[in-house]
Amino acid sequence: MPKVIENVGCPYCGCSCDDVRVTVSDDGKDILEVENVCAIGTEIFKHGCSKDRIKLPRMRQPDGSMKDISYEEAIDWTARHLLKAKKPLMYGFGSTNCEGQAAAARVMEIAGGMLDNCATICHGPSFLAIFDNGYPTCTLGEVKNRADVIVYWGSNPAHAHPRHMSRYSIFPRGFFTGKGQKKRTVIVIDPRFTDTANVADYHLQIKQGHDYELFNAFRMVIQGHGNDLPDEVAGVKKEQILEVAEIMKNARFGTVFFGMGLTHSDGRNHNIDIAISLTRDLNKVSKWTIMAMRGHYNITGPGVVWSWTFGFPYCLDLTKQNHAHMNPGETSSVDMAMRDEVDMFINIGTDAGAHFPIPAVKHLKKHPWVTIDPSINMASEISDLHIPVCICGVDVGGIVYRMDNVPIQFRKVIEPPEGVMDDETLLNKIADRMEELKAKGEA
Amino acid sequence: MSELIIKNGYVFDPISGLKGDKADISVKDGKIVDKVSNKAEVIDAAGKTVMAGGVDIHCHVAGPKVNLGREMRPEDKFFRGEYRGGILKQGKRMEMGFSIPSTWKTGYAYARMGYTFTNEAAMPPLLAPHVHEEFRDTPILDQAAMPVFGNNWFCFEYIKNKELENNAAYIAWLLNATKGIGIKVVNPGGTEAWAWGENCTTINDPVPYFDITPAEIVKGLIEANEYLGLPHSVHIHGNNLGNPGNYKDTIDTLKLAEGTKAKNKFGREQVLHNTHLQFHSYKGTSWADFESGAKEVMDYVNSNKNITVDIGQVTLDETTTMTADGPFEYHLNQLNHIKWANVDVELETGSGIVPYIYDKNIKVCGIQWAIGLEIGLYAKDLMRVHITTDHPNAGPFTRYPRVIKWLMSQKAREATLDTMKWKDKVIAASNIASMDRELGLYDIAMMTRAGPAKALGLSSIYSLTKGADANIAIYNLDANKLPSDPELIEAAFQNTAYTLKEGVVVVKDGQIVAEPPKYTLWTKVNMPENAQVMHDIKEKFSRNYTVNLENYAVFDEHVHNARAIELDVA
């Protein structure tokens, strides 16, 4: 009899939906049906039970081919190379549970290396702004139950976070928002007419790269200097700015959701900084919160786990082993790779091969490269060693942090392919092996 | 079978009545026993002071807002970390941070001060798994956490409708779901009001929409607490914290406990614990005529036995304030304009974080410092007045030894007063300069372990009585010959000669030497399932929460080494 498992967490985007229904075959190995989930989430569950899953670590041979090896050999090889390297880097973690991220922290503390996560190429600028200006935010349920004005700025949930609008922001009927979308005003600020802009009440088609100016204009209006605005700011007419600012001021509860349209266009961390300042200004006249549209289902996780472990969310330098250091630009993955400072690279739960600039990848490729990931991807195909692991939310459970920092407990729905380890077990075995080698004086 | 005996120390254990007598403490298999065989390992404590492991009744050491504080303050590591000329790695993991230390440093630093238990003061129920993840990564220390109830929609509705049994059943359910230990209340009603940008500054301000007042919320929760007979009482941070003139609101809050008696099997006598009383004992009408209200508040506390308090001593450091009192943090930020974080949590609570510098050259900070010490020095029953810094709000917990020094030495207080730019104004606005009381080691034992343990209902675990866990601190202090230099008192409390956790030496000469298992304590109420409450819970989850009910309760595998305090309710 197929079994239905409910309340399953989805390992795709930062929405971290936890209401998925998965129908599993009698033997617990196949996923037959997935419900309550977007198209992309469905694919991840299907991939989890694909017959093409890699089941053993694969080591690159002198002739360039890959050969299956045992987990034991892979662990030993990784441990020895980590100890030998002067500045190894472990990077990734968008698709790893928090238990794995905590184990990774242990590995890199013992190895004395660099530890970084995908924020370094997405919401890192948001961290920089938070360091400077704080973070007046809320959980997504506050938006659902209270918000009457929603701003999406530089983010396109219709494509990147497919259920965000229906679960949390525009459409749901919450406690004080019984009429759902009918009583909400939606403002989208984006240079493109996106599918999200399509459902907005107001779409401000801002000139690409001029976000800071428009934030500044809103701040002027909120602080009472609206009359001094020029006729047009960042390609948006004064009248429209005044109209939208008035809506913001009169909100009962408003939320700004911002995405990589702000963090990776001109201004970067300064865009987020002024977005936070605008939120602070608005709290003098109304109630407003702000939230980063974090990309992957647990990319919030490493920032959380490493903050309690080391005090820094990303770009960690653990080479001193006695204390941690963080200085984005100096200790950020891409910058280090571009300067060819890294002499071993572990790509885990992401695909640096696809996401990093080609010159950075070329430098990294000169040195030992390990990929820890369930799937074949660009990183795995240029690796010296590819170690397969379980897929969080599919064949291993664990805690993940949703984009609003709410921990969601994920469940295992099927058995992993025989012998395949989860990230936490694998990383702890690497750490244990390093301690063993150190004790024996072999490192 | 491991045996150990601590010989010839001056033992201070108010729970078993030891007042500095020379006594031997015997330990077998991690528990305190009457005697051990002659094969027992011997620790010579001659000329030293022996106490039970310290019990911190109120600190913010784990969970979402503590961690957002760590995340948003890299400077707390760069400029203040003790690694600069300070502690290098002693335990398994590195130690980072000053006012909001990493979990690893938290465990190690408490152990070095002889503490073995902390009570996390505010756990947002929705984010409980985060608290438990941090507990797993905090070494040595036993820990518990109090979920917050003072702005919870379920409680609002049950209290408004006078449904005591349903309110109690919901509380029991939530303690189980979050693996929490007791009822925390923060700015009752005010944090819910803050979700609309408003506040409740007196106990009679109505909560927007919910048609209930803070007074009703507090009374309702006290009633439910005693109906259940929980180990700890309601633990309150009342309305109007941190504002001049708030001592009246504080006394109003304390009066809500009048006429209620503690009902429990754990030896607890109070029905209300008012935390960080310093922040609630302010007179004056503005920061200009700000002055101490410690006398008025302590007169009330001294004459009402069903109340306990902790101090919340300002330590004159740069620190990070954080509380579930969202509106307070917003207003504090309006004063100092540094960065501000805020997290409103659906249906339950909120929180805010603002870095703060308690500068000895600012008059108000000096007066705040004086008020905290006055609370300790006015106290008649020190079992009911506990030492805290509301870590990290008034200062980091690593300053407890300094607070102890100030309470034990008038000379030390005068020395600190002398460093203040507005010394005369501080003296004029408080009574600190005229107070010559100096507390002794027995007093300190009451304020740092026996009192908090009793108030938490945990004195059978955290004391030196037979059967208790062998959590023991041995300080380099000769009780008969206390040093005349108060700095030496601070130094002795900063680093123990030995700290034992369940009979294992974890600190020796101020160094971490072992990291044995630790527990997560929680309160398990055994009572019949309440169909109405389960129906209400299901309804709220299907309509208002964004997390499914089945994923809300912390899974057993995410609770680290759980140890339940059980009680039965018919």
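First the proteins, then the strands, lettered A, B, ... as listed; each starts at 1.
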K.L.:
Spell out, as yes or no, whether a donor-acceptor pair under 3.5 Å connects the side chain of B:Asn333 to the backbone of B:Ile338.
P.N.:
yes
K.L.:
At a 4.5 Å cut-off on heavy atoms, which part of B:Val66 comes close to chain A: side chain, backbone, both, or neither?
P.N.:
neither
K.L.:
So, B:His558 and B:Glu133: side-chain donor and acceptor under 3.5 Å apart, yes or no?
P.N.:
no
K.L.:
Does the ring centre of B:Trp153 sit less than 6.0 Å away from the ring centre of B:Phe210?
P.N.:
yes
K.L.:
Over 60° means perpendicular and under 30° means parallel, so tell me whether A:Phe93 and A:Trp306 are parallel, tilted or perpendicular.
P.N.:
perpendicular
K.L.:
Pick whichever of A:Arg280, A:Arg167, A:Arg173 has the most heavy-atom pairs under 4.5 Å with chain B.
P.N.:
A:Arg280
K.L.:
Can you tell which of A:Arg146, A:Lys144, A:Arg402 has the highest number of heavy-atom pairs within less than 4.5 Å of chain B?
P.N.:
A:Arg146
K.L.:
For A:Ile399 and A:Gln409, work out which heavy atoms get closest and say how close.
P.N.:
CG1-CG, 4.4 Å
K.L.:
Of the listed residues (B:Ile100, B:Val554, B:Ile353), which shares the most heavy-atom pairs with chain A below a 4.5 Å separation?
P.N.:
B:Val554
K.L.:
Does the pair B:Lys89/A:Glu109 count as a salt bridge with the N-to-O cut at 4.0 Å?
P.N.:
yes
K.L.:
With respect to chain B, which residue among A:Phe253, A:Phe127, A:Phe310 yields the maximal number of heavy-atom pairs within a distance under 4.5 Å?
P.N.:
A:Phe310
K.L.:
What part of A:Lys284 gets within 4.5 angstrom of chain B, counting heavy atoms only: side chain, backbone, both, or neither?
P.N.:
both
K.L.:
With respect to chain B, which residue among A:Tyr135, A:Trp308, A:Phe175 yields the maximal number of heavy-atom pairs within a distance under 4.5 Å?
P.N.:
A:Trp308
K.L.:
Between A:Tyr168 and chain B, with a heavy-atom cut-off of 4.5 Å, which part of the residue counts as in contact: side chain, backbone, both or neither?
P.N.:
side chain
K.L.:
Test B:Val354 against every option in B:Leu335, B:Thr320, B:Thr321 by the side chain to side chain contact (heavy atoms under 4.5 Å, CB included) rule and name the one that passes.
P.N.:
B:Thr321
K.L.:
Which word best sums up how the rings of B:Trp104 and B:Tyr108 line up, parallel for under 30°, tilted for 30 to 60°, or perpendicular for over 60°?
P.N.:
tilted
K.L.:
With a 4.5 angstrom heavy-atom cut-off, is it the side chain or the backbone of B:Tyr552 that approaches chain A, or both, or neither?
P.N.:
backbone
K.L.:
Between A:Asn283 and A:Asp281, do the side chains contain an N or O donor and an N or O acceptor separated by less than 3.5 Å?
P.N.:
no
K.L.:
Please identify, among B:Thr546, B:Val547, B:Thr106, the residue contributing the most non-hydrogen atom pairs under 4.5 Å to chain A.
P.N.:
B:Thr546
K.L.:
Which atoms of A:Ile130 are under 4.5 Å from chain B, going by heavy atoms: the side chain, the backbone, both sets, or neither?
P.N.:
both
K.L.:
Using non-hydrogen atoms only, which part of A:Asp18 is less than 4.5 Å away from chain B: side chain, backbone, both, or neither?
P.N.:
both
K.L.:
Using a strict 4.0 Å threshold on nitrogen-to-oxygen distance, state whether A:Glu35 and A:Arg21 make a salt bridge.
P.N.:
yes
K.L.:
Among the options B:Met94, B:Met72, B:Glu134, B:Glu329, pick out the one with the most heavy-atom pairs lying under 4.5 Å from chain A.
P.N.:
B:Met94
K.L.:
Tell me which of these, A:Asn405, A:Val304, A:Ile408, has more heavy-atom pairs under 4.5 Å with chain B than the rest.
P.N.:
A:Val304
K.L.:
Is the closest side-chain donor-acceptor distance between B:Asp137 and A:Thr309 under 3.5 Å?
P.N.:
no
K.L.:
Picking from B:Pro355, B:Ser102, B:Ala195, which has the most non-hydrogen pairs under 4.5 angstrom with chain A?
P.N.:
B:Ala195
K.L.:
Measure B:Phe555 against the heavy atoms of chain A and call it side chain, backbone, both or neither at under 4.5 Å.
P.N.:
both
K.L.:
Any salt bridge linking B:Glu95 with B:Arg112? Criterion: basic side-chain nitrogen under 4.0 Å from a carboxylate oxygen.
P.N.:
yes
K.L.:
Give, as side chain, backbone, both or neither, the part of B:His130 having an atom under 4.5 angstrom from any heavy atom of chain A.
P.N.:
both
K.L.:
With a 4.5 angstrom heavy-atom cut-off, which part of B:Arg136 approaches chain A: side chain, backbone, both or neither?
P.N.:
side chain
K.L.:
Sort A:Tyr314 into side chain, backbone, both or neither according to what part of it lies under 4.5 angstrom from a heavy atom of chain B.
P.N.:
neither
K.L.:
Give the member of B:Glu192, B:Glu557, B:Lys92 that has the highest number of heavy-atom pairs under 4.5 Å with chain A.
P.N.:
B:Glu192
K.L.:
For B:Pro64, is it the side chain, the backbone, both or neither that has a heavy atom under 4.5 Å from a heavy atom of chain A?
P.N.:
neither
K.L.:
Taking the inter-plane angle between the rings of B:Phe397 and B:His391 on a 0 to 90° scale, is it parallel (under 30°), tilted (30 to 60°) or perpendicular (over 60°)?
P.N.:
perpendicular
K.L.:
Given a strict heavy-atom distance threshold of 4.5 Å, which part of A:Arg106 is in contact with chain B: side chain, backbone, both, or neither?
P.N.:
both
